[in-house]
Amino acid sequence: MTGSGPNVTAIVIFVTFIVASLGITWWAAKQTRSTGEFYTAGSKITGAQNGFALAGDFMSAASFLGVTGLIFIGGSDALLFVVGVVVSWAFILFAFADRMRNLGRYTFADVVAYRLQAERLRMFAAAGALTVAIPYLIAQMVGAGSLIETLFGLPYFVAVLVVGGLMTVYVAFGGMLATTWVQVVKAALLLAGVTALFLLAMNHYDFDFNAMLKQAAAVHPRGQVILRPGGLYDDPINAISIALAFVCGTAGLPHVLMRFFTVPDAKQARHSIGYAVVIIGYFQALIVIVGFASIGLLVGQAGYVDESGRITGGANMVSVYLARVVGGEIFYGLISAIAFATILAVVAGILLSASAAVAHDLYAKVIRRGDISDQAEVTVSRLVTVILGLSTIGLSLWFRNINVGILATIALAVAASVNFPAIFLSLFWKDVTTRGALAGGVTGLVVVVVLIVLSPTVWVNAFGNAKAIFPYAYPTLFSVSAAFVVTIVVSLTDRSARAKTDRAAYDEQTVHAEIGT
Amino acid sequence: MSDEADILRDPEFRNMLKLRSRWRWGLSGGLIGIYFAYCLAGIYFTDVFARPVLGTAVTLSIALGYLIIVLAVVLSLVYIRAVGKLLETPIVRRGQGQ
């Protein structure tokens, strides 16, 4: 860090954001009484609002701070991630938007359980949702804690308590309505902030992109390599695994899928993803330029990056350092506050999806077998939100030193390997059966966890072994394939009575999925 | 569930389903195929991807990445328009009106 104390602008803007978000929560709480209102804001969100909220869910600290850092280190190879994000959202639009909206009510488990044996599938889907949500929440909270510690000078545990406490209040009181509006406000702030950062940074180069890239290659310790492939990955298996993690993983994230149900119909669902694709495309296009522009402006600057390219405080700090260099203390404070607001809004959405998995899928539908009043389910959901919120705060304090990258990898890889195959095949393949979907899901989960543990990220970096047993950082090529193969083989060989029912209901499902009744 | 069976047998609905599938899988397959090709081509044709575009510092790798982002956005907008029109058929409206 550069040695100065807490930034007053950052604190003022952030406190303003907290006050505004609590105002939103208070307003939303008054309108949140039924389960439909709690989980999906009564399906009254418009396509444009939902588009901003969806984009906000994905424009997390990982993309804002992480991608700039990744470009700073690896150059053009980071485009693999950036392009993957936009492609994955377009894929969600083409393949899933309508069918998800038409078949589901509150969670993606509704969709998977539409024609397959509901209780078993719900248990599996809830487990999948939690296996994605909990590591993702801890990753964001640990990242937030460290970031706030650096930016605001607050102790780590205070930072985690603030983030965890606020997210719990948003969700427990304001449900999906508060979560959506906090996300919309943050998305607008983030877009404005990144646009300003882009303009100020490019102003230093007189908006000459050619000069900016030349300068980056001239001062970067790895020189021209940052403008060509090979900076981060030179192995086809890793590249395909990363691509698969994005394409399949995004479409398997429970907090993203849940937002399909907040709009009134399939048309609005399509429109909302259309907005999201445009917003995310714009954001990703700018962030790449910001990343390259930061190289020329930061390398060799005392206190930020030394001559060897080592960034003080880690790669996640690139965006905020750049803000200080191009915009001074006030702009630095603004970008820091936006980074904090980003994390806050994203964790609220993830917490809501985890609460819905436990309260709706497990408790209301499996344990109580649907025999529960609307009012009671909302009370249980709020209670579960508080319990999960407190557990996450505890885990984030406990796992303070865990590598955030590992947790984020786990979340996307699990979403791709466990949730995605079940959703995809239940929507589009007539012959999938309950037994097949469960067997495939369990296989995906086991393979993905085992391979991550044996990979260099955990086996070498975390456990300190000399050589990884599984040589690739990303397991998705193997885990997604395994899940698909097992689901297909088990489904095709399934001769049970249940299998007949599962297959027979496909035609009816298709009609509902296509026209929505 | 004879209503669904009726709708499913309707040639107009079947035609709509066929066109819908074509859009769905044509665009998904095309875009994901291009993205995977981009990921792999960077590894197998590193030198080609390192070439400057029009004599600038922008390499082919960066330019193609941006092109795919623009393509994804454009295809999304085209899809929303096309499918919106496709669904404006009497059979879909009748089904929704049930």
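Below, read A as the first sequence line, B as the second, and so on, with proteins coming before strands; counting in each chain starts at 1.
- The most heavy-atom pairs under 4.5 Å with chain B, out of Thr510(A), Ile240(A), Val247(A), come from Ile240(A).
- Both the backbone and the side chain of Leu75(B) come within less than 4.5 Å of a heavy atom of chain A.
- If you tally non-hydrogen atom pairs under 4.5 Å between each of Ala95(A), Ala211(A), Ala97(A), Ser76(A) and chain B, the highest count goes to Ala95(A).
- The structure places CG of Leu8(B) at 4.5 Å from CG of Asp507(A), a figure rounded to the nearest 0.5 Å.
- Ranked by heavy-atom pairs under 4.5 Å with chain A, the first of Leu31(B), Val73(B), Ile43(B), Val70(B) is Ile43(B).
- Comparing Val74(B), Leu77(B), Leu71(B), Ile62(B) by heavy-atom pairs within less than 4.5 Å of chain A, the highest count is held by Ile62(B).
- Considering only heavy-atom pairs separated by less than 4.5 Å from chain A, the leading option among Phe49(B), Tyr38(B), Trp25(B) is Trp25(B).
- Ranked by heavy-atom pairs under 4.5 Å with chain B, the first of Ala216(A), Ala266(A), Pro236(A) is Pro236(A).
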Does Arg24(B) form a side-chain contact (heavy atoms from CB on, under 4.5 Å) with Arg99(A)? I'd like the steps, not just the answer.
CA-CA 11 Å; Arg24(B) 178 178 286 136; Arg99(A) 290 200 168 198; 3.7 Å; yes
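- Top candidate by heavy-atom pairs under 4.5 Å with chain B, chosen from Val86(A), Leu213(A), Val87(A), is Val87(A).
- Your options are Phe209(A), Phe91(A), Phe94(A), and the one with the most heavy-atom pairs under 4.5 Å with chain B is Phe94(A).
- Glu514(A) has no carboxylate O lying under 4.0 Å from a charged side-chain N of Arg14(B), or vice versa, which leaves the two without a salt bridge.
- Side-chain contact between Arg228(A) and Val48(B) is absent, with no heavy-atom pair separated by less than 4.5 Å.
- With respect to chain B, the highest number of heavy-atom pairs below 4.5 Å among Asp98(A), Val82(A), Val85(A) belongs to Asp98(A).
- Here the side chains of Ile80(B) and Tyr275(A) are not in contact, with every heavy-atom distance at 4.5 Å or above.
- Taking CG of Asn238(A) as the reference point, atom SG of Cys39(B) lies at 11.5 Å (rounded to 0.5 Å).
- For Asp235(A), the part lying under 4.5 angstrom from a heavy atom of chain B is the backbone only.
- Contact count against chain A (heavy-atom pairs under 4.5 Å) is highest for Leu27(B) among Leu64(B), Leu60(B), Leu27(B), Leu17(B).
- Side chains of Phe36(B) and Leu244(A) form a contact here, defined as non-hydrogen atoms less than 4.5 Å apart.
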